[in-house]
Amino acid sequence: MAEYTALEKIRLQKLEELRAEGFEPYPTRAERTHTSTLAIAEFESAEKDAKEVKATLAGRIRANRAMGKVSFAHIEDGSGKIQLFFRSNELGKDRVDLFNRMFDLGDFIQASGVMFRTKTGEITLHVHDFKLLAKSITPLPADKDVTQDDGTVVRYAALESPEIRARQRYADLAVNPEVRETFRKRATLIKALRTFLDDHDFLEVETPILQPLYGGAAARPFVTHHNELEQDMYLRISFELYLKRLLVGNLERVYEIGRDFRNEGVSFKHNPEFTQLEFYWAYANYLQVMELTEQMVSYAAEKVTGSTTVKFGEHELDFKPPWKRVEMRTGILETSGIDIAEYKTAEELFKAIKIKHGNKTPDPKSARGKMIDFLVGEFLEPTLIQPTFLYNYPRDISPLAKSIPGDPLTVERFEGYAAGFEICNAFTELNDPIDQEQRFIDMGSDYTDDEEEKHPLDEDYLRAMRYGMPPNGGFGMGVDRLSMLLLNKHSIREVLLFPALRKEEFGE
RNA sequence: GGGCGCGUAGCUCAAUGGCAGAGCAGUGGCCUUUUAAGCCAUUUGUUGAGGGUUCGAGUCCCCCCGCGCUCACCA
């Protein structure tokens, strides 16, 4: 049973009084004719011809200013706020008193009347009738604060507690309009990505989230169990292997936007479930994917923000193609002074890093590719502020990518960076089943003492590939991260409606 | 998982180890064009939970819970 606060008990009592007086606090019907913005727009155009605009509005009470025989209130609906005007000589003293006594901030009401403009010029509904649509029991967090008489100290209080904002996103949304705006823009982003890919003849598909084997990325999976099949299942960590199976089936361009699950740490840029976009494009290679990527992201930026240039913290990011391109070996050499091509084994590379940078070294037990990754993260990544493609990756951290002809240690792979963090990952996909099988096996032996990096060998995927897979370019992008960049949010929690949080204890 | 920080009224925040407070919200009243309405009066607390030190703990110590930052992890 819920424990009610003093404020809630007062509202519950009002609810009972309303019922006793014959008013249903949770009626089944609403009769809205206009949103607040529509009513205002209609009034503005009718005003010139002195025409009357009648409207029935519905929304939450956000402010109420009772002034004796007249009252002003603001309600807020999905499109914005609008003022209501009540006059007791028209509605009757009892009804206005009822409104002021029984209705609280946060209640949903509907009000009918005629639009007019007040003395101060605000377009307002002159209310002729109203009813309660839903009583609010728990007060919304106050969204305004303090008035100091001397006029110097002004404090506004909004719901700011990051924990309450995330746990009770409903309250955050109800009270902070800019949060609603963030999620509208996020929806615009996803729609733009879809439109872009659809217009480029990609087919949107859906592949299993529950998988008997996981793969396509290096991450720890969530494990669950199917009772009837009597087997464990994994929540997918990527879409890759399933989408590439579709290329075997002659679907030449496919994409999926959906949720990935990784059983790992939580941070400002990591949530255990996150939205991923992947596409696979037959007969293309990573250079073509690069071009499509910069077009797609700049298109999305324009749709979401109206411009290809967006502000992110102190930076102005310009997503307009072409993006800067940095070859990995060159980039590492320039930022760390180490030429990875000179050190062909992990031992040699480790020594070189140790000599050059002393205490800043990777784990000496790492594979060579991991050490290169370390150099990227430590020295190169922080310099990649403007949208940049970092390309040509070490083969041993890219088991699904095709080698560069004549350079067996390097693969045709790139990652897109902006504001110093990774937003996408793509490569010319490996389509040689014999090579692929060997890579899986190498992968296993490279990381024998690293349980987390071990990956199950996907026999069915190899079988598919043996039927023949067209050469293709593949692409993956964290949609949440792109949202952060485009919306200038510095935590992934700001672009997720319900970010992962520890279970809340509700007591007895 | 490690380190650092935070947790006080519905919200935003105060309070040298010495009477737990303010504004907003709420409640009662006045007020027929207000809008951060105003004026008068007034209520609200297991100071995250538990233990300890002390004459006395919101404050110091221990432990637990939650959140934040950060490191690790994260092809």
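Only heavy atoms go into these numbers, but all of them, side chains included; no hydrogens, no water, no symmetry mates. Chain naming here is simple, since letters A, B, ... match the order of the sequence lines and numbering starts at 1 in each. All figures in this text were calculated on a predicted structure; none of them were measured in a lab.
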So does [X] get a side-chain nitrogen or oxygen closer than 4.0 Å to the phosphate oxygens (OP1/OP2) of [N]?
X: A:R220; N: B:C73; value: no
X: A:K269; N: B:C73; value: no
X: A:R11; N: B:G26; value: no

Which nucleotide in the set [options] lies at the smallest distance from any side-chain heavy atom of [X]?
X: A:F268; options: B:U33, B:U70, B:A25; answer: B:U70
X: A:L105; options: B:A25, B:U33, B:A75; answer: B:A25
X: A:H270; options: B:A75, B:C74, B:C73; answer: B:C74

Pairwise C1' distance for B:G45 and B:C71, with rounding to whole Å | 38 Å

When you compare B:A9 with B:G50, how far apart are their P atoms, in angstrom units rounded to a whole number?
->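 It comes out at 16 Å once rounded to the nearest Å.
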
Matching residue for A:E494 among A:R169, A:R481, A:R165, A:K269 - test: salt bridge (Lys or Arg N to Asp or Glu O under 4.0 Å) |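 Single salt bridge (Lys or Arg N to Asp or Glu O under 4.0 Å) partner of A:E494 among A:R169, A:R481, A:R165, A:K269: A:R165.
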
Do the ring planes of A:F414 and A:F475 sit parallel (below 30°), tilted (30 to 60°) or perpendicular (above 60°)?
-> tilted

Look at the aromatic rings of A:F85 and A:F116 and report parallel, tilted or perpendicular, splitting at 30° and 60°.
-> tilted

Please evaluate the base of B:U34 for a donor-acceptor partner in the side chain of A:Q83 within a cut-off of under 3.5 Å?
-> yes

Could you go through nucleotides 27-32 of chain B and list every protein N or O atom that sits under 3.5 Å from one of its N or O atoms, giving the distance for each pair?
{"residue": "B:U27", "atom": "OP1", "partner": "A:K14", "partner atom": "NZ", "Å": "2.4"}
{"residue": "B:C31", "atom": "N3", "partner": "A:G68", "partner atom": "N", "Å": "3.1"}
{"residue": "B:C31", "atom": "N4", "partner": "A:G68", "partner atom": "N", "Å": "3.3"}
{"residue": "B:U32", "atom": "OP2", "partner": "A:K69", "partner atom": "N", "Å": "3.2"}
{"residue": "B:U32", "atom": "O2", "partner": "A:R87", "partner atom": "NE", "Å": "3.3"}

With a distance cut-off below 6.0 Å to the six-membered ring centre and an angular limit of 45° from the axis, does A:R95 pair with A:F130 as a cation-pi contact?
-> yes

With sequence neighbours left out, write down each residue that passes side-chain contact (heavy atoms from CB on, under 4.5 Å) with A:T138, or none if nothing qualifies.
->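 side-chain contact (heavy atoms from CB on, under 4.5 Å) list for A:T138, sorted by chain: A:E8.
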
